[in-house]
Amino acid sequence: MTKSPTIIRSAIAVCLAACGYTAFAAPYGCVYGYEDNTCLQPIRAAPQVAPTCSPAPGWTTVTPAQWQGSHYSAPQCSYQAAPTCPAGYAQTSAPGWNGLTWSNPGCAAPPPPGNITVPGGGSSDPVANCTVAANANGLTIVQGFGRYAIGNTVDNRFGGNGPVAANQCGDTTTWYQIDCITGADNQVQSIYGQPALPGCAGGGG
């Protein structure tokens, strides 16, 4: 018995409809928004990156971030400020960071007061003239240490007070050795104040 062309055409239409439905029912690439249980590769979140402390100089990690099963804890970080020169000192080089600690900056000591030529005080007493010169340079004579001949001049040496001075390690003092140079006429030629500070290694300054 020969099948009718109409029946054949109907069968083809039904087949195309079924095949097309099956094709369109397949997962749409298993991408976000189209996942279902037919996806062979399950969708997973991207791996989380552990947070870290700042890489900037001065920062160190005390405790790194720890994985908590679903997220990382925050790391514990510590910051060290860069060291600076004592008050009055000029910085000549910057401190260096090696990842753990700072090195000290280069510091230049301020010039001590004095070493300035002062006109004669008019007295015949060198101590009186040195006292006037010391006061004019911010120094106060407290006690005498002796007189030492230097060629045609005399170094009148005293101990006294002056402005606060500091060394590179941060030690401070107001005690000075004062050298007052007078000529044959006992008039002051120059005066110099040296702060009595120890060296950073503990030796004399």
Side-chain angles (χ1 to χ4, degrees), residues 53-62 76-205:
C53 297
S54 171
W59 286 97
T60 54
T61 301
V62 178
Q76 295 183 21
C77 308
S78 176
Y79 178 72
Q80 304 173 45
T84 58
C85 294
Y89 276 64
Q91 181 173 300
T92 58
S93 61
W97 176 251
N98 65 8
L100 294 175
T101 59
W102 290 100
S103 62
N104 288 325
C107 303
N115 203 24
I116 301 172
T117 299
V118 178
S123 171
S124 60
D125 180 1
V127 175
N129 292 333
C130 286
T131 299
V132 172
N135 293 340
N137 286 276
L139 301 168
T140 302
I141 291 175
V142 175
Q143 65 185 99
F145 290 155
R147 306 183 75 222
Y148 307 90
I150 305 175
N152 296 324
T153 62
V154 175
D155 179 2
N156 303 270
R157 192 165 295 173
F158 306 93
N161 295 318
V164 176
N167 63 13
Q168 185 174 341
C169 298
D171 302 310
T172 61
T173 188
T174 57
W175 183 255
Y176 284 73
Q177 175 182 302
I178 302 170
D179 293 273
C180 177
I181 309 302
T182 55
D185 58 357
N186 292 327
Q187 303 305 302
V188 175
Q189 296 184 0
S190 65
I191 190 166
Y192 179 84
Q194 174 65 44
L197 282 165
C200 287

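Here the structure is a predicted model, which is why all the values come from computation and not from measurement. Position 1 is the first residue of the sequence, and the numbers go up from there.
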**Q** Kindly determine whether T131 and F158 satisfy side chain to side chain contact (heavy atoms under 4.5 Å, CB included), including the steps that lead there.
**A** CA-CA 10 Å; T131 299; F158 306 93; over 6 Å; no
**Q** Measure the CG-CZ distance between N156 and F145 for me, rounded to the nearest 0.5 Å.
**A** 13.0 Å
**Q** State, to 0.1 Å, how close T60 and G99 come at their nearest heavy-atom pair, and which atoms those are.
**A** CG2-O, 3.6 Å
**Q** Is T173 reaching over with its side chain to a backbone N or O of L197, donor-acceptor style, under 3.5 angstrom?
**A** no
**Q** Where is the tightest heavy-atom contact between P195 and Y176, given as atom of each residue plus distance?
**A** N-CD2, 3.4 Å
**Q** Between atom CG of D155 and atom CZ of R147, what is the distance when rounded to the nearest 0.5 Å?
**A** 10.0 Å
**Q** Taking all non-hydrogen atoms of both residues, which atom of Q80 and which atom of L100 are closest, and how far apart?
**A** NE2-O, 2.9 Å
**Q** Could you pull out the closest heavy-atom pair between A166 and T172, with the gap in Å?
**A** CB-CG2, 3.9 Å
**Q** Decide yes or no for C130 and V188: does some side-chain heavy atom of the first lie under 4.5 Å from some side-chain heavy atom of the second?
**A** yes
**Q** Looking at CD1 of I191 and CG of N137, how far apart are the two atoms once the value is rounded to the nearest 0.5 Å?
**A** 6.0 Å
**Q** Should Y79 and C53 count as side-chain neighbours, where that means a heavy-atom distance under 4.5 Å?
**A** no
**Q** At their closest point, which heavy atom of P95 faces which heavy atom of S103, and how far apart are they?
**A** CB-O, 3.0 Å
**Q** Does the pair N161 and W175 meet the rule for a side chain to side chain contact (heavy atoms under 4.5 Å, CB included), with working shown?
**A** CA-CA 5 Å; N161 295 318; W175 183 255; 3.5 Å; yes
**Q** Donor-acceptor pair, distance only, cut-off 3.5 Å: does the side chain of N129 make one with the backbone of N186?
**A** yes
**Q** Would you say the side-chain atoms of Y192 pair up with the backbone N or O of I181, donor to acceptor, closer than 3.5 Å?
**A** no
**Q** Between S78 (side chain only) and V62 (backbone N and O only), is there a donor and an acceptor less than 3.5 Å apart?
**A** no
**Q** Hey, what do you get for OG1 (T182) to CD (Q189), rounding to the nearest 0.5 Å?
**A** 7.5 Å
**Q** Can you establish whether the number of heavy atoms outside N98 located under 6.0 Å from its atom CG is more than 12?
**A** yes
**Q** Under a 3.5 Å distance rule, please check whether Q187 uses its side chain to pair with a backbone N or O of S123 as donor and acceptor.
**A** yes
